[in-house]
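This report concerns only the one structure given below.
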There are 2 protein chains.
Amino acid sequence: MRTRLKDVADHLNLSTALVSGVLNKRPNVWASEETRQRIVEAAEKLNYQPSAAAQALIKGKTDTVAFVYRRLEGFNYRLAYSGLVDALSDDLQTSGYDLVVANFATQDDVLRHLQKIASSRACDAVILWGREDDTEPQGELLEKLRVPFLVKGRHERSHPTWNQIDFDHEGMMERAVDHLADLGHTRLAYLGFPHDEGYVHALRRGYFSAHRRRFGHDPDGRFIGEHEDHVAPNEQTILEWLRLPESDRPTAFVIGAGNSAWQTLETCLAQIGRRLGYGASDYAAAGITSLFFTLMFGEAVAFQGIEIDNLARLASPGLLNAILRGEHTQPVHRFLPSLTPAPTLDLLRHGVKFGGSQ
Amino acid sequence: MRTRLKDVADHLNLSTALVSGVLNKRPNVWASEETRQRIVEAAEKLNYQPSAAAQALIKGKTDTVAFVYRRLEGFNYRLAYSGLVDALSDDLQTSGYDLVVANFATQDDVLRHLQKIASSRACDAVILWGREDDTEPQGELLEKLRVPFLVKGRHERSHPTWNQIDFDHEGMMERAVDHLADLGHTRLAYLGFPHDEGYVHALRRGYFSAHRRRFGHDPDGRFIGEHEDHVAPNEQTILEWLRLPESDRPTAFVIGAGNSAWQTLETCLAQIGRRLGYGASDYAAAGITSLFFTLMFGEAVAFQGIEIDNLARLASPGLLNAILRGEHTQPVHRFLPSLTPAPTLDLLRHGVKFGGSQ
DNA sequence: CTGAAAGCGCTTACAG
DNA sequence: CTGAAAGCGCTTACAG
């Protein structure tokens with residue numbers, strides 16, 4: 001059997017109350033310095049650790065935070081979540097909390113589980129992650145059940161008091177527009193996602209407002225392409241843009257989409273003998289990428305690997321601790337990363353030559 | 001306050017013993033069908049869930065599995081771990097267990113934490129993940145402390161009785177060699193990692209043994225390149241190979257490395273006007289990739305996204321449940337994925353033409 | 001069919 | 001300085 005408090009007390013011929021008091025450094029516990037020494041040493045020697053279950057029962061708290069989310073399909077969200085658990089668990093561990101992970105296939109299962117952990121007092125707080133469609137009802141349930149929680153996403157309108165974190169998607173697109181405008185480009189195009197989700201709208205919003213601010217007018221409606229993260233749909237749009245007369249077509253691209261948009265852009269440019277870069281005849285691009293992004297031919301700046309763990313670092317321990325202790329904090333947190341030069345294979349300079357297609 | 005057993009009992013004017021017995025469907029508990037009904041309904045109505053802490057204290061088990069590992073630097077391991085927590089948590093949840101995640105920067109911290117969760121009875125079993133250098137002492141500690149555990153990795157020699165899972169790295173390289181040999185290639189080269197780790201050695205071992213089996217002799221010592229996952233070092237080796245007379249140089253590549261090896265291989269081939277594929281003048285390749293891999297010019301087969309969650313699916317619930325219940329199972333599990341065609345941008349066929357380098 | 005009692009391992013007043 | 005006692009919320013014999 002593992003060592004209990006009683007074992008330590010018996011070992012020293014002391015009462016459990018004294019041993020407990022000393023070990024927990026409780027004030028108003030009087031013991032000689034020598035006794036304290038003996039207690040601490042015996043506990044160490046016997047590898048005594050208080051039973052987590054007994055502690056939880058007594059204190060009414062479990063020193064545990066639950067990370068609950070609905071599983072999404074596909075690798076994209078895997079990448080987005082990669083590193084998140086690392087960061088969360090690390091920070092929580094530092095504050096003495098364990099991270100319990102539970103994910104489910106359906107929203108119903110998630111809600112059922114939230115109800116369950118609330119009723120069984122299985123954790124002190126909850127972290128919700130995922131799409132707003134899912135997390136909103138989840139947060140509402142926890143609010144009703146009076147469980148402290150932190151939610152990833154953009155709920156500032158519907159629930160301005162919720163503790164929430166997310167990227168500053170608007171700000172990211174503004175930075176991209178500013179970068180391209182500073183380079184002297186005036187005809188910008190936008191490549192985004194077609195999904196009806198908070199961050200997608202926020203990216204688009206940021207692009208539009210920055211465009212108006214820099215150029216005094218809305219973007220050209222023809223130069224908005226919103227497609228799934230695959231080559232084919234992006235290709236059709238980009239080729240159309242590039243078929244316009246040179247004086248008319250976009251020379252710079254703001255990308256609020258995935259790696260496929262970048263790859264397709266480079267491929268299409270290559271077909272007309274052009275590349276991304278900073279030369280007089282080069283096109284330019286700036287925007288979001290997934291992890292592990294490498295340009296093939298040219299150069300560009302990007303928010304690389306929208307590293308979700310940066311978000312997690314932002315969340316904890318400060319914010320999460322505040323939640324756990326019921327302190328009142330500024331609820332809405334937004335994280336704005338920086339544009340950095342993307343790695344490139346630089347195939348052209350590398351001596352790649354192709355005489356024609358096979 | 002949350003609903004306690006006593007609240008349900010009081011609500012119905014019954015004893016807690018009876019309510020507990022009925023709710024847990026304990027045999028030898030006699031209650032009329034009507035009483036049972038009332039108890040179940042009241043529990044539901046009051047949202048009663050037994051206190052996790054009290055249950056744990058009484059039963060001596062927490063219905064919790066700890067997933068403990070040392071954090072590694074860099075994105076590669078992030079990718080490798082991506083999806084793992086999803087899969088583990090999902091399967092465990094199905095069996096009624098929660099997954100508690102704890103990771104640390106140093107091995108000392110990990111060992112300290114393992115000692116702690118063992119002493120405080122914080123979980124019923126542990127999953128160890130990481131490099132063998134780290135997991136071996138971790139497993140030895142848990143063995144000493146009599147905590148059931150499952151470890152990722154190759155400990156079949158040092159600890160053949162440990163419950164362990166990993167990819168069948170030898171088998172993967174054998175499949176790659178067979179694929180290339182079946183295509184008619186006879187001069188193979190190997191691109192691998194330089195690290196002194198179990199899986200690296202296993203990949204190399206698989207390559208060598210398959211080569212001997214197919215060709216009756218060891219691989220040519222010149223055609224072994226083992227480099228970090230970057231372009232430059234791989235490039236030097238590959239260019240050297242391609243500078244040999246055609247009758248002498250390798251025409252097929254077994255890749256036991258990361259995406260950089262693939263990218264570099266395609267780039268180098270392009271410089272001599274060649275590509276990966278199945279034509280008479282094409283070179284061929286087969287092997288491992290990271291997630292999100294796309295060929296630029298040619299075609300090849302690969303173990304795509306050595307999806308670690310496949311490993312997790314393999315581990316649980318069967319294996320893990322067996323561990324939790326102390327059943328004796330076959331301890332060593334190895335997973336052998338299949339070679340599948342890699343996605344390609346197929347730039348050449350797409351009409352990309354380059355007249356020369358800039 | 002039903003209820004009082006002990007006990008899981010700990011903490012916390014409280015009386016000596 | 002020290003120890004007996006109650007209680008956290010539950011389960012499990014055991015006596016009625």
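Throughout, protein chains are lettered first and strands after them, A, B, ... in sequence-line order, and every chain is numbered starting at 1.
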For the residue pair Asn103(A) / Ser89(B), report whether a side-chain donor-acceptor contact shorter than 3.5 Å exists.
yes
Under 30°, 30 to 60°, or over 60°: which ring-plane class applies to Phe335(B) and Phe167(B), parallel, tilted or perpendicular?
tilted
Does [N] have its OP1 or OP2 closer than 4.0 Å to a side-chain nitrogen or oxygen of [X]?
X	N	value
Arg26(A)	dT12(C)	yes
Tyr48(B)	dC10(D)	yes
Ser20(A)	dT11(C)	yes

Sequence-distant partners of Lys6(B), salt bridge (charged side-chain N to carboxylate O under 4.0 Å, His left out), two or more places apart
Asp10(B)
Which residues share a salt bridge (charged side-chain N to carboxylate O under 4.0 Å, His left out) with Glu197(A), sequence neighbours left out:
Arg131(A)
Return the set of residues passing ring-ring contact (aromatic ring centres under 6.0 Å, His included) with [X] (not counting sequence neighbours), or none when no residue passes.
X	answer
His113(A)	Phe104(A)
His155(A)	Trp162(A)
Tyr199(B)	His169(B)

Taking the same atom, P, in dA4(C) and in dG7(D), what whole-Å distance lies between them?
16 Å
Under the rule for side chain to side chain donor-acceptor pair (under 3.5 Å), what residues qualify as partners of [X], not counting sequence neighbours?
X	answer
Thr62(B)	Asp124(B)
Glu41(A)	none
Arg112(A)	Asp109(A)

Can you tell me the distance, in whole Å, between the [atom1] atom of [X] and the [atom2] atom of [N]?
X	N	atom1	atom2	value
Lys6(B)	dC10(D)	NZ	P	11 Å
Asn24(A)	dC10(C)	CG	C1'	9 Å
Lys25(A)	dT11(C)	NZ	C1'	16 Å
Gln49(B)	dG9(D)	CD	C1'	14 Å
Arg2(A)	dG9(C)	CZ	P	11 Å

Please write out the pairs of protein N or O atoms and N or O atoms of nucleotides 1-5 of chain D separated by less than 3.5 Å, giving the distance to one decimal.
unit_1	atom_1	unit_2	atom_2	d
dG3(D)	OP2	Ser15(A)	N	3.4

Minimum side-chain heavy-atom gap Leu128(B)-Lys152(B) below 4.5 Å
no
Show me, range against range, the stems involving DNA chain D, built from at least 3 consecutive Watson-Crick or G-U pairs below 3.5 Å.
C:1-3 with D:14-16, C:5-12 with D:5-12, C:14-16 with D:1-3
Please work out which residues in residues 55-65 of chain A have a non-hydrogen atom less than 4.0 Å from an atom of DNA chain D and list them by number.
Leu57(A), Ile58(A)
Please assess Arg26(B) against Ser20(B) for the test side chain to side chain donor-acceptor pair (under 3.5 Å), listing each intermediate value before the final yes or no.
CA-CA 8 Å; Arg26(B) 209 176 309 132; Ser20(B) 166; 3.0 Å; yes
Going through the checks in order, is the side-chain contact (heavy atoms from CB on, under 4.5 Å) test met by His159(A) and Glu140(A)?
CA-CA 9 Å; His159(A) 300 280; Glu140(A) 286 165 358; 3.0 Å; yes
From Ile127(B) atom CD1 to Leu92(B) atom CG, the distance as rounded to the nearest 0.5 Å:
5.5 Å
Distances under 3.5 Å between nitrogen or oxygen atoms of protein and nucleotides 14-16 of chain C:
none

